[in-house]
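Down below is the structure, laid out as structure tokens.
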Amino acid sequence: MPTRASDLVTLGLRIRHYRGERGLTLDQLGEKVGLAGSQLSLIENGRREPKLSILQDVATVLGVPIADLLNGEAPNRRAALEIELTRAQKNPLYGALGLPEVKVTKGMPVAALESLIGLHRELARRASEAIATPEEARRANTELRELMREQNNYMPDIEQLAEDRVRASGHVSGALTHREVSVMAEQLGFSLIYVNDLPNSTRSVTDLVNHRIYLPPASIPGGHGLRSMALQAMGHRLLGHERPASYAEFLWQRLQINYFAAACLMPPAASVAFLARAKSERELSVEDFRDAFGVTHEAAALRLTNLATSHLDMPLHFLRVTGDGALQKGYENDGLPLPVDVTGSIEGQFVCKQWSARSAFTHTNRTTEFYQYTDTPAGTFWSATQTGAADGGEFSISVGVPFVHAKWFRGRETVQRAVSRCPDESCCRRPASDLAAHWAGHAWPSARLHAHVLSPLPSGTFPGVDDTEVYEFLEAHAAP
């Protein structure tokens, strides 16, 4: 027997459908099954759940199996529209508007039903987009980070896919070339096109009709960034991505294509062989890994998080920290206590001033990695930190391991050592009591407001992407 309201509506419409086919009125059918027409009307409108004995009698009179009445599908297109409209008007989203329900009558035109349903669908779509608040994004990102932590940041299926595609391109060793990336695109049935007028909200645009991948002209004939963008675009196709239905799905797709691109630029077999050899020689170094495959320091550090636990049998952590100490990206499966907010998010939280991710900014020689041991409440960690600068300011990239695994890395002999008591605020977040007392009531700091605090996530088919701008771009570049 159906119990949900939506099931009762479908049941009622199926009874009405078969009653109409038999040419019976409500009173005529009610008389045959021993039920008043008004009571039968409540059943047909989905407002009352019939007893099984009544259903059996109705099925017998209408000459259909009882299973046909209980079928969850609408009996015809009009009935499907009526069901969808009924469900939409029962939705709390519509109820919150304080508007009356539109009674669906037998004489209501199909066009009117379609128009009302279209309005409800648009209302639901806009509400779904509005849900994508910064809080939702942080929660989705936190869930994704925890998921990847559980599997040691390793995705074997994508590793194998990348290995197969790289080998098929003819790549043998060293850095993946721009030409080999182009061959990979051609094997997928796409050509790479470089243009100056990509929409500002996109990194690339894939024309699925004419099989073109549009990329910015920067770094031609081929830098890490350009190769990575092309590989990410191909990743969407190879991984069978559809339009994301939620921000969480969008983040998952973004993680997958980034992983695929990194696994192509630093192929699994070659990368594992390189890192295993370096470990055996106790010369593991992000710098060497970076240079061997022609990628950025950050890309090499992140790729190390994919492979270190699964292939080198060691846990580790990765941090990207801004010049003011805010954590932009982070990963750990080695027990390092990353700072978190009430939602469990780490992005935007400030790391301890004693960690090398921040102390490296004060180091005199910043052309090479800065090495440091840090004693924390969770144990002692060794880390290697490289600093850099971008349009948004300074940043540092750190990779670290528990003390026991430092022996495999270059820089393990460093005498640089620090003590961190974080998350105890007396470590580096709270001023000394005498200093606080001296300045209490005599200082007035003017806070700087970060724009992202007030800005909601952009709407669109893909978060941050201006659909209209993309369509105009494709129209301008359409094949003749």
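What you see is a predicted model, and the numbers here were worked out from it, not measured in a lab. Position 1 is the first residue of the sequence, and the numbers go up from there. Atom set for the values below is all heavy atoms of this structure, side chains included, hydrogens, waters and symmetry mates excluded.
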Is a side-chain N or O of [X] found less than 3.5 angstrom from the main chain of [Y], in a donor-acceptor match?
| X | Y | result |
| --- | --- | --- |
| N152 | Y154 | no |
| T202 | P199 | yes |
| E287 | E369 | yes |
| S246 | E249 | yes |
| S271 | P268 | no |
| R429 | F350 | yes |
| E332 | P337 | no |
| E146 | E143 | no |
| N333 | L316 | yes |
| S310 | L307 | no |

To the closest 0.5 Å, what do you measure between [atom1] ([X]) and [atom2] ([Y])?
| X | Y | atom1 | atom2 | answer |
| --- | --- | --- | --- | --- |
| R410 | L284 | CZ | CG | 9.5 Å |
| M229 | L215 | CE | CG | 6.5 Å |
| L81 | S115 | CG | OG | 11.5 Å |
| L319 | W355 | CG | CH2 | 6.0 Å |
| Q386 | F395 | CD | CZ | 8.5 Å |

(request) Go through the steps for R303 and E159 under the test salt bridge (charged side-chain N to carboxylate O under 4.0 Å, His left out), then give the verdict. (result) CA-CA 11 Å; R303 184 68 174 133; E159 294 280 353; 2.8 Å; yes
Measure the shortest side-chain to side-chain distance between [X] and [Y] over non-hydrogen atoms and say whether it is less than 4.5 angstrom.
| X | Y | answer |
| --- | --- | --- |
| P315 | V401 | no |
| L231 | L176 | yes |
| F318 | K329 | yes |
| M314 | V404 | no |
| S420 | C427 | yes |
| L188 | L238 | yes |
| D288 | F274 | yes |
| R358 | D324 | no |

Quick check: closest heavy atoms across [X] and [Y], and the distance to 0.1 Å?
| X | Y | result |
| --- | --- | --- |
| L251 | N141 | CD1-N, 3.7 Å |
| R277 | S280 | O-OG, 2.6 Å |
| F361 | T322 | CE1-O, 3.6 Å |
| G400 | D334 | O-OD2, 3.6 Å |
| L226 | P216 | CD1-O, 3.2 Å |
| W382 | A406 | CB-CB, 3.6 Å |

Whether [Y] and [X] form a salt bridge (side-chain N of Lys/Arg under 4.0 Å from carboxylate O of Asp/Glu) is what I want to check.
| X | Y | value |
| --- | --- | --- |
| E163 | R167 | yes |
| R212 | E186 | no |
| E180 | R227 | no |

(request) Show your working on side chain to side chain donor-acceptor pair (under 3.5 Å) between S345 and E347 and close with a plain yes or no. (result) CA-CA 6 Å; S345 175; E347 288 74 23; 3.0 Å; yes
(request) Check step by step if salt bridge (charged side-chain N to carboxylate O under 4.0 Å, His left out) holds for R121 and E84. (result) CA-CA 10 Å; R121 288 174 179 173; E84 184 175 354; 2.8 Å; yes
(message) Under the criterion side chain to side chain donor-acceptor pair (under 3.5 Å), I'd like the reasoning laid out for Q256 against H241: C-alpha separation, chi angles, the key distance, then a yes or no.
(response) CA-CA 10 Å; Q256 286 186 310; H241 288 166; 2.7 Å; yes
Determine whether the side chains of [X] and [Y] contain a donor N or O and an acceptor N or O closer than 3.5 Å.
| X | Y | value |
| --- | --- | --- |
| Q372 | S359 | yes |
| T305 | N153 | yes |
| N306 | H311 | no |
| S356 | S383 | yes |
| E298 | T296 | no |

(message) Taking the ring of Y331 and the ring of H317, is the distance between their centroids below 6.0 Å?
(response) no
(message) Ring centroids only, cut at 6.0 angstrom: are Y373 and F381 within range, meaning strictly under it?
(response) no
(message) Check the orientation of F289 and F293. Use parallel for under 30°, tilted for 30 to 60°, and perpendicular for over 60°.
(response) perpendicular
(message) Does R282 qualify as a cation-pi partner of F409, given the criterion of NZ or CZ under 6.0 Å from the six-membered ring centre and within 45 degrees of its axis?
(response) no
(request) Take atom CD of E242 as the centre, draw a 6.0 Å sphere, and report whether it contains more than 12 heavy atoms from other residues, nucleotides or ligands. (result) no
